[in-house]
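A quick write-up on the structure given underneath.
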Amino acid sequence: MARLRTAWSVGAGLVLVAVVVAGLVPVRAHITLATPALVLVLVVVAAAWVGGSRVAVCVAVIAALSFNVAFIRPYWTLKVAVWDDWVALGVFVAVAVVIGVLVAAQGEQRRAAEQREVELRALNESLAREVARADVLEQVGGQRSALLRSVSHDLRTPLATILAVASDLRDGVVYDDATRAELLSNLCDETERLDRLVANLLSMSRIEAGALKPERQAVDMEELIADRVRRLAPLFHQVRVQVDVETDLPLVDGDYTQLEQLLTNLLENAARYAPPASTVRIEARARRGMVEMSVSDEGIGIPEFERTRVFEPFRRGEGSRSSGVGLAICKATVEAHGGTIAVHRTAGGGATFVFTLPVRAAVGRR
């Protein structure tokens, strides 16, 4: 690359010298030797700036020869007849070489500085990438730690209950009918809880992989709410559940399984924080082409500074024993359907989660 630039610079210098000679020879009788000398020095300077010191010396020699042949008598020979012309030629060569070398040095310093700037910029970019990579690794490490905590605590709890009951039944421990029914009920409840935890973790992995894609169909939210309240009834044995669904609520355009998980997570969250003898409310209304739903409790509520961060993955509230992924899944699910979700303070205390889902277009109610 350097050789190519040197050859190109020398060639360009030769062309410029030829142009100067061709332009000034017709008028040399009317100008002094200073004029072609200065112009040729400028050519040497330009060659030095572009090509460096070697090019400067080469072009300076060519310019000196051209100055001698074309502008010092006798013309078109290398002879010099007058002592003054010798001086002029000597001064021209010295000035051309010295200025050319100095300018070339400046040009090389400039190119070196530009190269250092490029290298420094590349180094900064590399450092920025490394910092970003370290941040990502730190975040992944934090999420991995949170996931391990979730697996070690949240999954172990239902597994311990399931294992204890199953072991007793396997070993033939005799229970009365009421106790046996209660144990089997606990077994079913903990199995369903385990299923919900695993479903949340799998959904979280799909969200992080960008693979959460709704398979849309017409969903009757009134039926879905009734089904979820019935299936999650054991969670609400100490609280009342109040459902208020608008008459002729339009169908939602959504993925039934994902919306089922969305509602399950919100109801489970409400049950977790609802005080005994309090009320958990579920409401649904049609609002400007969307179905607006809310799930509220009368618990401790969420501080204002936490109302955005509460939807971050693996973030647990104060005193929470959850896996920390339920609300993150809710947010991802709602946004994947084209809706919004937020949390507000319940009147009188508590938290109210409000979310919207798109109405199924041109589909009548079933």
Side-chain angles (χ1 to χ4, degrees), residues 146 149-150 153-158 161 186 189-190 192-197 199-201 203-204 221-222 224-246 259-285 291-335 339-357:
R149 288 195 302 270
S150 173
H153 180 271
D154 299 325
L155 299 183
R156 184 175 294 177
T157 301
T161 302
N186 289 338
D189 292 344
E190 293 301 325
E192 290 182 355
R193 178 184 175 190
L194 180 62
D195 180 68
R196 293 194 298 270
L197 288 170
N200 277 342
L201 293 175
S203 294
M204 198 68 237
M221 293 305 296
E222 185 175 10
L224 180 57
I225 292 170
D227 176 73
R228 289 296 86 198
V229 170
R230 178 178 58 81
R231 295 293 298 273
L232 299 174
L235 298 178
F236 300 106
H237 63 279
Q238 291 185 321
V239 300
R240 295 188 303 112
V241 178
Q242 184 179 81
V243 178
D244 183 7
V245 177
E246 183 179 69
L259 297 184
E260 181 182 56
Q261 187 178 26
L262 161 67
L263 194 55
T264 297
N265 286 341
L266 290 177
L267 290 174
E268 191 173 23
N269 183 76
R272 185 179 300 115
Y273 292 103
S278 64
T279 301
V280 171
R281 293 179 176 83
I282 308 167
E283 298 181 356
R285 300 282 186 275
V291 168
E292 181 182 273
M293 298 184 59
S294 65
V295 176
S296 61
D297 62 66
E298 299 174 353
I300 60 175
I302 299 174
E304 186 172 354
F305 68 89
E306 284 280 354
R307 291 178 187 173
T308 300
R309 302 170 64 186
V310 74
F311 294 104
E312 295 176 2
F314 302 105
R315 186 167 189 84
R316 298 169 182 246
E318 183 178 354
S320 173
R321 294 174 296 173
S322 69
S323 63
V325 300
L327 294 180
I329 293 171
C330 291
K331 183 175 186 293
T333 299
V334 169
E335 291 180 349
T340 60
I341 186 170
V343 59
H344 308 290
R345 183 178 183 276
T346 303
T352 298
F353 288 86
V354 180
F355 61 95
T356 59
L357 296 169

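When reading the values below, keep in mind they use all heavy atoms of this one structure, side chains included, and skip hydrogens, waters and symmetry mates. In what follows, residues are counted from 1 in the order of the sequence shown.
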Ile341 and Thr333: CA distance, side-chain angles, deciding distance, side chain to side chain contact (heavy atoms under 4.5 Å, CB included) verdict: CA-CA 10 Å; Ile341 186 170; Thr333 299; over 6 Å; no
Check against side chain to side chain contact (heavy atoms under 4.5 Å, CB included), Arg281 and Thr352: CA-CA 9 Å; Arg281 293 179 176 83; Thr352 298; over 6 Å; no
Arg285 atom CZ, neighbour heavy-atom count above 12 within 6.0 Å: yes
Residue pair Leu266, Leu327: steps toward the side chain to side chain contact (heavy atoms under 4.5 Å, CB included) verdict: CA-CA 7 Å; Leu266 290 177; Leu327 294 180; 4.0 Å; yes
The single option from Ser278, Pro275, Pro276 passing side chain to side chain contact (heavy atoms under 4.5 Å, CB included) against Gln238: Pro276
Backbone of Thr340 reached by a side-chain donor or acceptor of Thr356 within 3.5 Å: yes
Atom pair OG1 (Thr346) and CZ (Phe353), whose distance is rounded to the nearest 0.5 Å: 9.0 Å
Donor-acceptor pair between Thr264 and Arg228 side chains, under 3.5 angstrom: yes
Arg307 side-chain N/O to Ala342 backbone N/O, donor-acceptor pair under 3.5 Å: no
Heavy-atom check, side chain of His344 versus side chain of Val354, under 4.5 Å: yes
Residue pair Leu259 / Met221, side-chain heavy-atom distance below 4.5 Å: yes
Smallest separation among heavy atoms of Ala274 and Val280, with atom names: CB-CG2, 3.9 Å
Heavy-atom side-chain contact between Tyr273 and Ile302 under 4.5 Å: no
Atom pair CG (Asp297) and CG (Leu267), whose distance is rounded to the nearest 0.5 Å: 10.5 Å
Approximate separation, where rounding is to 0.5 Å, of Glu283 CD and Ser294 OG: 4.0 Å
Straight-line distance of Glu298 CD to Arg240 CZ, nearest 0.5 Å: 8.0 Å
Smallest separation among heavy atoms of Cys330 and Asn265, with atom names: SG-CB, 3.6 Å
Side-chain touch Glu268/Leu235, heavy atoms, less than 4.5 angstrom: yes
Separation of Lys331 NZ from Glu312 CD (nearest 0.5 Å): 9.5 Å
